[in-house]
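To keep things clear, I will list the structure first and then write my remarks on it.
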Protein chains: 2
Amino acid sequence: MDTKKYHHGDLKNTLIQAGVEILSEEGVGGLSLRKVAQRAGVSHNAPYFHFADKQALIAAISTEGYRILYEQLVMIRETYKADPRRQLVEAAFMYLRFAQTSPAHFKVTFSNAVEREEAYPDLVAMADNLIGELIQIVDACQKAGILHPAPAGAMAVSVWSAVHGFTSLYIDGQSMHDRLKVAPVDQLLIFTLNQFTVADWSEDHFPLPE
Amino acid sequence: MDTKKYHHGDLKNTLIQAGVEILSEEGVGGLSLRKVAQRAGVSHNAPYFHFADKQALIAAISTEGYRILYEQLVMIRETYKADPRRQLVEAAFMYLRFAQTSPAHFKVTFSNAVEREEAYPDLVAMADNLIGELIQIVDACQKAGILHPAPAGAMAVSVWSAVHGFTSLYIDGQSMHDRLKVAPVDQLLIFTLNQFTVADWSEDHFPLPE
DNA sequence: TTATTATCTTGACGTTGTCAATATTATAGT
DNA sequence: ACTATAATATTGACAACGTCAAGATAATAA
């Protein structure tokens, strides 16, 4: 934004992007400040003029993860404006797809490499944005009679817990899914989502997307 | 077991225990091979005669986490032999309490610091034990008409996803709960659990423990 | 008792996060 | 335009870390 056109131009965002790239190429273990600096073409100490320490860079990468999820949620709400059920199922699969495509970024985003969240207001704000969109979808589903009419906040916690837990367990070595082999992962996610519908369990209330 | 009575006696388990202690005192970031060795009273290289590398020690600590959860699940099943509903609710709260009491150990156990699970058969075996107990509880609940009569494996995935996701989101800075403040965490867990019951949402099917 | 193996120590190397000191470039004030 | 100041970047250093190599010590086997 305003951190531009000095020596490098926009080093801060370049560093964040370099970090995301390293995460996708080498995983969480490969992320180091010095490697990020090298990829951005600056000295090993240049990042310290944009991030207080490694934690701060990780917080920024985490914020970027929240932003990606948030923006996709906004798009989904616009695309399926009149179809709350579709919004919910698309949101759940978007979440899973992000974790499948960028597992290291997903882990860093949530895996509390950031200890003291309150020190990173941008991160908190973006997480708030994400939660806000989520509640809107849950609220719309409740108004449409798809989800139980409990407080939207509580229902959002439950639904997000299920989708987040499902996704986390899946990408962590597929600990469970590989061993159980009870169904393809997409169908299992639908099954999990269906637990939250008002009607009888035996019908599929959420269709598979695509 | 058989790795005993040499110079130190039982260094392998001592190292694992030292790692668990460091996790509880300094968190995930404070865990290093050299500190573990120092706490066990051996040189910085002694651990390499019991663990191939740091990953292997982390895998052992992760296995220990699975063992703790598994053994508590076994105890719960024995204690409430005739009450599947109680088994499920106690299991869920045991899970949350472990994460609250030992957040760093909980994170290490699941947070796939271990990349190639198949290289650690003990870890896979203990995770299988845990999943097995979980399925038994779910199966008992289904037979008692508490959970929907879907395949027990699929239902176990869903329920565990919800509990695990709920717990993960809670300890990761309480990202969501703190911001929503919709209800105390215990009540929210019960609410989440109730989503999986057969009957109407408006009744509480799982009581708060204690 | 000797040979062998398992266990542990010491020392070294490259990488990392971070601090201090210095240099360079952009902006502000005159 | 010119200087002062702040923002940005480099270089160098240090301790801590993971890991390898070489040697020492203690338990077991022959």
Side-chain angles (χ1 to χ4, degrees), chain A residues 1-19 21-23 25-62 104 108 111-116 119-120, chain B residues 1-19 21-23 25-62 104 108 111-116 119-120:
Chain A
M1 304 274 186
D2 44 10
T3 319
K4 283 177 202 261
K5 49 187 151 337
Y6 275 92
H7 300 64
H8 175 279
D10 188 14
L11 184 54
K12 184 170 185 178
N13 289 324
T14 302
L15 291 169
I16 295 173
Q17 194 51 40
E21 288 175 19
I22 290 175
L23 280 177
E25 294 169 14
E26 308 181 36
V28 179
L31 185 68
S32 81
L33 269 181
R34 292 173 105 106
K35 238 184 291 193
V36 165
Q38 188 179 17
R39 184 177 287 248
V42 294
S43 79
H44 69 265
N45 242 359
Y48 282 88
F49 291 88
H50 302 277
F51 302 101
D53 51 18
K54 191 184 183 184
Q55 284 291 320
L57 173 63
I58 290 179
I61 294 175
S62 175
V108 164
S111 151
N112 192 12
V114 172
E115 314 264 327
R116 301 153 28 263
Y120 305 100
Chain B
M1 302 273 189
D2 44 9
T3 318
K4 281 178 200 257
K5 47 186 155 332
Y6 274 91
H7 300 64
H8 176 278
D10 187 13
L11 183 53
K12 184 169 185 177
N13 289 324
T14 303
L15 291 169
I16 295 173
Q17 195 50 42
E21 288 175 21
I22 290 175
L23 280 177
E25 294 169 14
E26 307 180 38
V28 179
L31 185 67
S32 80
L33 270 181
R34 292 172 104 106
K35 238 184 290 193
V36 165
Q38 188 180 17
R39 182 177 289 248
V42 293
S43 80
H44 69 266
N45 241 359
Y48 281 89
F49 290 86
H50 302 276
F51 302 101
D53 52 18
K54 191 184 184 185
Q55 284 291 320
L57 173 63
I58 291 178
I61 293 174
S62 175
V108 165
S111 150
N112 192 12
V114 172
E115 314 263 326
R116 303 156 24 265
Y120 305 101

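Just so it is clear: chains get the letters A, B, ... in the order the sequence lines come, proteins before strands, and each one is counted from 1.
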Between atom [atom1] in [X] and atom [atom2] in [N], what is the gap in whole Å?
{"X": "A:F51", "N": "D:dA7", "atom1": "CZ", "atom2": "C1'", "value": "16 Å"}
{"X": "A:L57", "N": "C:dT16", "atom1": "CG", "atom2": "C1'", "value": "14 Å"}
{"X": "A:F49", "N": "D:dT11", "atom1": "CZ", "atom2": "C1'", "value": "12 Å"}
{"X": "B:N45", "N": "D:dC17", "atom1": "CG", "atom2": "C1'", "value": "12 Å"}
{"X": "A:L33", "N": "D:dA9", "atom1": "CG", "atom2": "C1'", "value": "15 Å"}
{"X": "A:K54", "N": "D:dA16", "atom1": "NZ", "atom2": "C1'", "value": "13 Å"}
{"X": "B:N13", "N": "C:dT7", "atom1": "CG", "atom2": "P", "value": "13 Å"}
{"X": "B:Q38", "N": "C:dT9", "atom1": "CD", "atom2": "P", "value": "12 Å"}

**Request:** Please confirm whether the backbone N or O of A:I58 pairs with a side-chain atom of A:S62, one donor and one acceptor, at under 3.5 Å?
**Result:** no
**Message:** Nearest 0.5 Å, please: how far is CG in B:L11 from CG in B:N13?
**Reply:**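 Output value for this atom pair is 9.0 Å.
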**Message:** Nearest 0.5 angstrom please: B:S32 OG to B:R39 CZ, how far?
**Reply:**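 Between B:S32 OG and B:R39 CZ, I get 10.5 Å after rounding to 0.5 Å.
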**Item:** Any A:H44 side-chain N or O less than 4.0 Å from OP1/OP2 of C:dT15
**Value:**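 Result: no.
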**Message:** Measuring to OP1 and OP2 of D:dC17, would you say a side-chain N or O of B:S32 lies under 4.0 angstrom away?
**Reply:** yes
From C-beta outward on [X], which listed nucleotide comes closest to its side chain: [options]?
{"X": "B:S43", "options": "C:dT9, C:dG17, D:dT10", "value": "C:dT9"}
{"X": "B:R34", "options": "D:dA13, D:dG18, D:dA9", "value": "D:dG18"}
{"X": "A:Y48", "options": "C:dC8, D:dA9, C:dG17", "value": "C:dG17"}

**Request:** For A:K35 and for A:A52, find the nucleotide of DNA chain C with the closest heavy atom, then tell me which residue's nucleotide is more 5'.
**Result:**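 In this pair, the answer is A:K35.
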**Prompt:** Looking at residues at least two apart in the chain, or sitting in another chain, which of them share a salt bridge (Lys or Arg N to Asp or Glu O under 4.0 Å) with B:R34?
**Reply:** none
**Request:** Look at A:E25 together with A:K35 and state whether they make a salt bridge at an N to O cut-off of under 4.0 Å.
**Result:**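 Between A:K35 and A:E25 there is no salt bridge, as every charged N stays at least 4.0 Å from the carboxylate O atoms.
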